[in-house]
Amino acid sequence: MTETLFTHATLADGSLKDIGVTGGRIVSIMPAGTASDAARKVDLAGALLVPAFVEGHIHLDTSFYGDTWIPHKPCTNGFDVHERVAFQAENMAQAAPMAERARKQLELCVSHGSTQMRSHVMVDGSVGLKSLETILAIREEYRDIIDIQLVAFPQSGILKSPGTAELLDEAIAMGADLVGGLDPASFDRDLQGHLDVVFGVAEKHGVGIDIHLHDFGSLGAFTVEEICARTVALGMQGKVVVSHAYGLGNLDPDAARGIGAKIAAAGVSIMTNAPGDHAFPPVALLRAEGVNIFGGSDNIRDSWWPYGDGDMLGRAMMIGYRSGFYTDEELSAAFDVVTAAGAKALGLEGYGIAVGAKADFVTLAAAHVPEAVVAVPKDRRVFKAGRLVAENGAVVR
């Protein structure tokens, strides 16, 4: 017998279905009213049922969400990563304990519908492995309501921060899932040397890569091309992400299409949060070239900016708004960026609304996906493995 039957669910195609769940997986999808008996029934009353959101890029260790408000300090002469890192170190010294802040941020994200997450955690000469140790423990604490991938992130650079290369190696051995990087050319000022370390650690441990790339214009584009070339040379297609990739947003359309074809051929995914004051990758153009583009909140109320609410449906709206998406097809693409595209980038197994998939889904007060993207309804329930984990904006445990 089916363990739980979710009745009268409206799917993305507009059909009304009953969803059977057993052992945390979807075992049946049938027209409403035709499913067999179940040990328990949950009437969704026609609510839109969609896959749970994928929070593809966040920083659990550096958010001040739920902590004392820390006023934003602007850079002295335009956006500067080195200066922002220095401000972050100052702010972290007066913040609440990391575990407390991470818990609040995690519950915020789950309450909005994310049950899958990739978080970057500082691992470098400035903090060693202490932050990773804390977040690993938090991941274990919340494992029943959200799956979390951790990236060992060299926020202070690799070559400029002595001992960081060795720490990245240790971080993977400790339980980090991927190795990260940061602006190889402009921060460490050694593109090849930086990538040697990142790809070397990844190849040694058989893990993926997720590199922060803030560089604009031709430098950013050239770095993306170099990452793609290494990805292909090492047979790492599907395991490499470039986060932000601002430089792709500075290119003329023909140049963007050209580099887009290279990114797609290399199987490299691009993460964007559509930041308000920076160029960002042209989502529609790159998707048309076959590039997998996915979304993330990035920073939430931290030293980089005071915004962020952990709502990936709201992030889909923001990405669509900034991309000039208006048609239903375009709005559905924005939704894909925070769901299926994120699942592809993170290599998630069993994602989606299909028989055999994990029963991770969200119900929304919307008639269909395009309406959900523009309305961002707050009335939602979040299910992990078929179990209610959040409702009315709060985690249920």
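Between Asp298 and Arg315 there is no salt bridge, since no side-chain nitrogen of the basic residue lies less than 4.0 Å from a carboxylate oxygen of the acidic one. Using a cutoff of 4.0 Å between basic side-chain nitrogens and carboxylate oxygens, Arg118 and Glu55 are not scored as salt-bridged.
Residues Ala366 and Leu48 approach most closely at O-CB, 3.3 Å, considering heavy atoms. Between Glu330 and Gly324, the shortest heavy-atom distance links the atoms OE1-O, 4.0 Å. In plain terms, the two heavy atoms of Val198 and Gly180 that are nearest each other are CG2-O, 3.5 Å. His8 and Ala32 make their closest contact through CD2-CB, 4.1 Å (heavy atoms, listed as atom of the first residue, atom of the second, distance). Closest heavy-atom contact between Asp43 and Arg381: O-NH2, 3.7 Å. In plain terms, the two heavy atoms of Ile259 and Ala221 that are nearest each other are CD1-O, 3.3 Å.
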Derivation of the salt bridge (charged side-chain N to carboxylate O under 4.0 Å, His left out) call for Asp169 and Lys204: CA-CA 9 Å; Asp169 186 76; Lys204 175 182 176 181; 2.9 Å; yes
Let's go through Arg230 and Gln192 carefully: what are the C-alpha distance in whole Å and the side-chain angles of both, what is the deciding distance for side-chain hydrogen bond (donor to acceptor under 3.5 Å, both in side chains) to 0.1 Å, and is it a yes or a no? CA-CA 10 Å; Arg230 288 200 181 218; Gln192 301 305 331; 2.8 Å; yes
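You'll find the side chain of Leu313 reaches within 4.5 Å of the side chain of Arg380, heavy atoms only. Between Leu60 and Val121 the shortest side-chain heavy-atom distance does not fall below 4.5 Å.
Residue pairs meeting the ring-ring contact (aromatic ring centres under 6.0 Å, His included) criterion with at least one member in residues 138-162, sequence neighbours excluded, are His59-Phe153, His120-Phe153, Phe153-His212. Applying the ring-ring contact (aromatic ring centres under 6.0 Å, His included) test to residues at least two apart or on different chains, the pairs with a partner in residues 357-397 are Phe6-Phe361, Phe6-Phe383, Phe361-Phe383.
Put simply, CZ on Phe53 and SG on Cys109 are 12.0 Å apart, with the number rounded to the nearest 0.5 Å. If you take OG1 on Thr10 and CG on Leu16, they are separated by 5.0 Å, rounding to the nearest 0.5 Å.
Checked against a 6.0 Å centroid threshold, the rings of His57 and Phe294 do not count as neighbours.
The neighbour count for Lys130 NZ, taken as heavy atoms of other residues, nucleotides or ligands under 6.0 Å away, does not exceed 12.
For Ser186, the side chain to side chain donor-acceptor pair (under 3.5 Å) test picks out Asp215, with sequence neighbours left out.
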